[in-house]
A.B. asks: 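The structure under discussion is supplied below as structure tokens; questions concerning it will follow.
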Amino acid sequence: IPSWFFLAAALVCVLASIAFFARSATKPAVALAVIATGMLAGFHYAIRYVERGPHHVAKVVSSREVVHIYGTVSDWPDLRANYTEYPVDLDSIETDRMRYVDGRLILKVNDTTTALQRGDRVEFYGRIYFINPLHIEHNSYLRRLNHRGVCGTVYLPTLLNVLVDRRPQ
């Protein structure tokens, strides 16, 4: 369902709730206010996780090409047994030209290191493997990534090819 439907339904419910409240019918007014709140939550969810804007990385890059990625590490590293995960908020991507993009990806490095920290600006080359929307419902890990706003994963063998800029902004 598109996000505008949720917003329009919430607006109709709020107006109807105000009309019922003006007639001193509190039960239908409260019920419509609760439905309007649910519709606003649906609108927020659709905007945040379902619909992607015109500058989203999935609309700019195909998953087959290696691109130059610029971004900021948005959270602390997640150390696993054989690898480390870094969430990266994207700034821009360079393919044939520089493009400003929105989106978040997970940088997986085959090393247990905390060399990158939250707030570090990074740039590296990699291939983005996007999350397939058909597999989200059947895989709890992909569902968790989708709820965190992650659209794909980049795999690197080591952090030696990642340039880090730690200067204050």
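This structure is a prediction, so every number in the text was calculated from the model and none was measured. One-based numbering along the sequence shown.
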A.B. asks: Got a sec, which hydrophobics cluster with Ile18, joining ILVMFWY side chains under 4.5 Å apart, including via others?
C.D. replies: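 Via sub-4.5 Å side-chain contacts, Ile18 links to Val14.
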
A.B. asks: Residues two or more places apart in sequence or in another chain: which of them pass side chain to side chain contact (heavy atoms under 4.5 Å, CB included) with Ala31?
C.D. replies: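 With sequence neighbours excluded, Ala31 shows a side chain to side chain contact (heavy atoms under 4.5 Å, CB included) to no residue whatsoever.
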
A.B. asks: Taking C-beta and beyond as the side chain, do Leu116 and Leu107 meet within less than 4.5 Å on heavy atoms?
C.D. replies: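 The answer is yes, as the side chains (C-beta and beyond) meet within the 4.5 Å cut-off.
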
A.B. asks: Can you list everything that forms a side chain to side chain contact (heavy atoms under 4.5 Å, CB included) with Ala33? Sequence neighbours excluded, please.
C.D. replies: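 In terms of side chain to side chain contact (heavy atoms under 4.5 Å, CB included), with neighbours along the sequence ignored, Ala33 is linked to Ser17.
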
A.B. asks: At what distance, to the nearest 0.5 angstrom, does CH2 of Trp4 lie from CZ of Phe6?
C.D. replies: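 So the gap between those two atoms works out to 11.0 Å.
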
A.B. asks: What residues form a side chain to side chain contact (heavy atoms under 4.5 Å, CB included) with Ser74, not counting sequence neighbours?
C.D. replies: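 Residues passing side chain to side chain contact (heavy atoms under 4.5 Å, CB included) with Ser74: Pro87, Asp89, Arg104.
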
A.B. asks: Out of curiosity, Thr153 OG1 to Phe130 CZ, how far, rounded to the nearest 0.5 Å?
C.D. replies: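 If we round to the nearest 0.5 Å, Thr153:OG1 and Phe130:CZ are 10.0 Å apart.
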
A.B. asks: With respect to Arg121, which candidate in Asp91, Leu163, Val164 satisfies the side-chain contact (heavy atoms from CB on, under 4.5 Å) definition?
C.D. replies: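 Between Arg121 and the candidates, side-chain contact (heavy atoms from CB on, under 4.5 Å) is satisfied uniquely by Asp91.
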
A.B. asks: To the nearest 0.5 Å, tell me how far Ile128 CD1 sits from Ile93 CD1.
C.D. replies: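 It comes to 4.0 Å.
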
A.B. asks: Name each donor-acceptor pair under 3.5 Å that joins a side chain in residues 75-85 to protein atoms two or more places apart or in another chain, with its distance.
C.D. replies:
residue: Asp78; atom: OD2; partner: Arg80; partner atom: NE; Å: 3.1
residue: Asp78; atom: OD2; partner: Arg80; partner atom: NH2; Å: 2.8
residue: Thr84; atom: OG1; partner: Asp111; partner atom: O; Å: 2.6
residue: Thr84; atom: OG1; partner: Thr113; partner atom: N; Å: 3.2
residue: Glu85; atom: OE2; partner: Tyr141; partner atom: OH; Å: 2.9

A.B. asks: Side chains of Leu156 and Asn161, heavy atoms from C-beta outward: is any pair under 4.5 Å?
C.D. replies: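 Result no, sub-4.5 Å side-chain heavy-atom pair not found.
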
A.B. asks: Calculate, to the nearest 0.5 Å, the distance between atoms OH and CD belonging to Tyr86 and Gln117 respectively.
C.D. replies: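 One gets 7.0 Å once the value is rounded to the nearest 0.5 Å.
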
A.B. asks: Rounded to the nearest 0.5 Å, how far apart are OG1 of Thr37 and CG of Leu32?
C.D. replies: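 These two atoms lie 10.5 Å from each other.
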
A.B. asks: My understanding is that a hydrophobic cluster links ILVMFWY residues whose side chain heavy atoms are under 4.5 Å apart, including indirect links. Using that, what else belongs to the cluster containing Val66?
C.D. replies: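 Members alongside Val66: Tyr125.
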
A.B. asks: By the rule that ILVMFWY residues connect when side-chain heavy atoms come within less than 4.5 angstrom, directly or transitively, which residues belong alongside Tyr70?
C.D. replies: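 Answer for Tyr70: Met98.
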
A.B. asks: In the hydrophobic clustering (ILVMFWY, side-chain contacts below 4.5 Å, transitive), which residues join Tyr100, or is it alone?
C.D. replies: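 Taking Ile, Leu, Val, Met, Phe, Trp and Tyr as members, Tyr100 stands alone, with no cluster partners.
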
A.B. asks: The criterion is side chain to side chain contact (heavy atoms under 4.5 Å, CB included); which residues satisfy it with Ala10, sequence neighbours excluded?
C.D. replies: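 Side chain to side chain contact (heavy atoms under 4.5 Å, CB included) check on Ala10 returns Met39, Leu40.
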
